[in-house]
Number of protein chains: 2
Amino acid sequence: MSLRHAILTALLERPSSGLELTRRFDKSIGFFWSATHQQIYRELGKLERAGLIHPLPQQQPSRGQRKEYEVLPGGREELARWVGERQDPKPIREALLLRLRAAAVVGVAGATGLEAELRRHLALHQRQLSEYQEIEKRDFGSEQPAAEDRLRHLVLGAGIGLETFWTEWLTDALTELGGSSPG
Amino acid sequence: MSLRHAILTALLERPSSGLELTRRFDKSIGFFWSATHQQIYRELGKLERAGLIHPLPQQQPSRGQRKEYEVLPGGREELARWVGERQDPKPIREALLLRLRAAAVVGVAGATGLEAELRRHLALHQRQLSEYQEIEKRDFGSEQPAAEDRLRHLVLGAGIGLETFWTEWLTDALTELGGSSPG
DNA sequence: ACTAACATGTAACACGTTACATGATTGT
DNA sequence: ACAATCATGTAACGTGTTACATGTTAGT
């Protein structure tokens with residue numbers, strides 16, 4: 001049940017409407033927890049009914065009208081509780097690896113398409129890596145960062161590390177596949 | 001819709017019953033696409049109704065009776081089609097990163113629990129890494145591997161690379177958090 | 001009046017998780 | 001007879017995905 005906590009985190013960082021949240025989930029928070037606008041509206045409704053957030057009083061709630069939410073004390077407590085919770089890491093779930101394994105059993109004959117796919121993924125991961133590196137340059141130049149900034153930098157570092165891993169691995173994979181493929 | 005293809009791949013590697021599949025999804029295939037037995041039985045039912053797999057004829061299908069499945073030509077075709085499909089990589093979805101970001105907004109005061117959690121994750125990733133390395137030593141010693149084995153080795157290499165990344169990153173994170181935390 | 005962009009929402013379905021139910025086989 | 005284990009399955013619910021519906025605001 002992490003979407004709920006992703007939303008609470010985002011709203012604590014800055015009160016927002018559903019659409020604003022959706023856009024913030026296309027970057028920053030969304031870099032490691034993505035969500036569509038439908039998920040977000042559904043979860044905002046639940047959070048409101050649970051008394052963890054409430055809409056800012058200024059705007060009357062009607063369809064098509066912007067509705068900005070704020071976290072209530074109960075929401076902050078819930079988030080703090082969740083941060084301290086014990087949770088095992090989820091196993092890897094990566095369709096590309098599954099597809100390589102499937103290619104091994106159905107035969108590598110049609111693997112020209114697969115090779116193109118690997119190149120395409122390589123380009124996407126390289127682009128994501130650049131984006132993270134730009135954010136790092138822009139937001140984390142400080143010499144004496146506050147504790148919160150050190151945490152955020154750490155999280156960004158994970159993104160950079162993971163994208164670096166994928167670009168290296170995909171490069172290796174392309175060498176393997178292209179380099180010595182038998183006839 | 002990858003579970004379907006994970007199951008087809010597993011059944012092509014070796015015809016199995018639902019419970020056997022469940023066990024194989026706790027290792028090998030499951031290392032990068034996990035599934036519970038309920039998911040597997042549900043999907044086996046769908047695959048059978050879709051005519052992509054069928055139970056081996058020997059055993060009459062009654063509850064509590066072992067039921068072994070085999071992939072039909074249509075299933076193999078479907079898998080081959082899927083292997084060549086274009087699919088974008090999914091963004092990272094890692095609750096631990098979300099929790100660090102949440103810790104940044106609710107305050108790092110209760111971060112002693114978080115630090116223990118990071119250590120716990122470190123140990124888990126180290127164990128997983130050793131497991132992969134043992135598999136590599138056992139299964140991929142050959143000098144002239146077949147194309148299928150090169151692919152499978154590549155996939156295992158991704159697992160090793162990812163676990164290596166996490167152990168290094170978690171070690172860094174613990175240094176960051178423990179090393180210079182302000183009073 | 002029309003259009004585009006903004007903003008919130010419904011509906012339907014696929015996938016994932018947890019708890020539980022039922023029957024078959026094996027060992028004591 | 002009983003318990004443990006193997007094996008398949010149902011039910012309920014939460015989460016994620018896709019397509020579509022509805023209303024508002026601003027520009028022309």
Side-chain angles (χ1 to χ4, degrees), chain A residues 1-8 11 15-26 29-30 32-50 53-56 58-69 82 85 87-95 98, chain B residues 1-8 11 15-26 29-30 32-50 53-56 58-69 82 85 87-95 98:
Chain A
M1 235 219 257
S2 295
L3 176 57
R4 153 164 307 202
H5 303 100
I7 289 177
L8 287 172
L11 287 180
S16 301
S17 66
L19 194 61
E20 276 171 359
L21 276 179
T22 302
R23 290 192 176 130
R24 291 172 62 196
F25 271 81
D26 284 337
I29 311 170
F32 44 89
W33 204 273
S34 65
T36 62
H37 85 272
Q38 294 82 351
Q39 278 179 277
I40 288 169
Y41 283 118
R42 180 167 52 186
E43 197 62 38
L44 283 171
K46 282 193 208 168
L47 282 165
E48 185 178 356
R49 285 192 293 278
I53 64 175
H54 74 162
L56 291 180
Q58 61 223 36
Q59 58 267 309
Q60 75 281 27
S62 88
R63 192 170 184 143
Q65 286 279 13
R66 182 188 164 76
K67 198 173 164 190
E68 203 160 24
Y69 289 95
W82 179 77
E85 211 175 69
Q87 286 176 227
D88 283 353
K90 297 262 176 215
I92 304 162
R93 223 135 206 282
E94 179 52 55
L98 197 55
Chain B
M1 235 219 253
S2 295
L3 176 57
R4 152 164 308 205
H5 303 100
I7 290 177
L8 287 172
L11 287 181
S16 301
S17 68
L19 194 60
E20 275 171 359
L21 275 178
T22 302
R23 288 190 179 132
R24 292 171 61 196
F25 272 80
D26 284 338
I29 311 172
F32 44 87
W33 204 272
S34 64
T36 62
H37 85 272
Q38 294 81 352
Q39 278 179 277
I40 288 168
Y41 283 118
R42 181 166 51 184
E43 197 63 37
L44 283 172
K46 282 193 209 168
L47 282 166
E48 187 179 355
R49 285 192 292 280
I53 65 175
H54 73 164
L56 290 180
Q58 62 222 37
Q59 59 267 310
Q60 77 280 28
S62 90
R63 192 170 184 142
Q65 286 280 13
R66 181 188 165 76
K67 197 173 165 190
E68 204 161 24
Y69 288 95
W82 180 77
E85 211 175 67
Q87 286 175 228
D88 284 353
K90 298 262 177 211
I92 303 162
R93 221 135 207 283
E94 179 51 56
L98 197 56

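Residue numbers start from 1 in every chain, and the chains themselves are labelled A, B, ... in the order their sequence lines are given, proteins ahead of strands. Nothing here was measured: the structure is a model prediction, and the numbers come from that model.
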message: Would the distance check show the side chain of B/T22 and the main-chain N or O of B/G18 forming a donor-acceptor pair, the cut-off being under 3.5 Å?
response: yes
Is any side-chain nitrogen or oxygen of B/K46 closer than 4.0 Å to OP1 or OP2 of C/dA14?
no
A/R66 atom CZ is separated from C/dA5 atom P, nearest whole Å, by 19 Å
Atom CD1 of B/I40 and atom P of C/dT17 are separated, to the nearest Å, by 12 Å
Got B/Y41 and B/T36 here, is their nearest side-chain heavy-atom distance under 4.5 Å? no
Would you check if B/F32 and A/R93 make a side-chain contact, meaning some heavy-atom pair closer than 4.5 Å?
no
On a heavy-atom basis, the closest approach of A/L98 and B/S2 is CD2-O, 3.7 Å
Identify all pairs in which a protein N or O lies below 3.5 Å from an N or O of nucleotides 17-21 of chain D, and state each distance.
{"unit_1": "D/dA19", "atom_1": "N6", "unit_2": "A/Q38", "atom_2": "NE2", "d": "3.0"}
{"unit_1": "D/dA21", "atom_1": "N3", "unit_2": "A/R63", "atom_2": "NH2", "d": "2.9"}

Here the distance between atom C1' of C/dC15 and atom CG of B/L44, to the nearest Å, is 15 Å
Heavy-atom nearest pair, B/E48 first then B/Y69, reads OE1-OH, 3.3 Å
Between CD of B/E20 and P of D/dT5 the distance, given in whole Å, is 19 Å
Here the distance between atom C1' of C/dT22 and atom CD of B/Q65, to the nearest Å, is 13 Å
Sorted by chain and number, sequence neighbours left out, side chain to side chain donor-acceptor pair (under 3.5 Å) with A/E20 holds for A/R66
Taking only side-chain N and O atoms of B/R4, does any of them lie within less than 4.0 angstrom of OP1 or OP2 on C/dC15? no
Whole-Å distance, B/I7 CD1 to C/dA14 P, equals 15 Å
A/K67 NZ to D/dT24 P, in whole Å, measures 15 Å
With A/E43 as partner, the option from A/L3, A/L21, A/I53, A/L8 fulfilling side chain to side chain contact (heavy atoms under 4.5 Å, CB included) is A/L3
Separation of D/dC6 atom C1' from B/R23 atom CZ, nearest Å, is 7 Å
- Counting only side-chain N and O atoms of A/Y41, is one of them less than 4.0 Å from OP1 or OP2 of C/dT8? yes
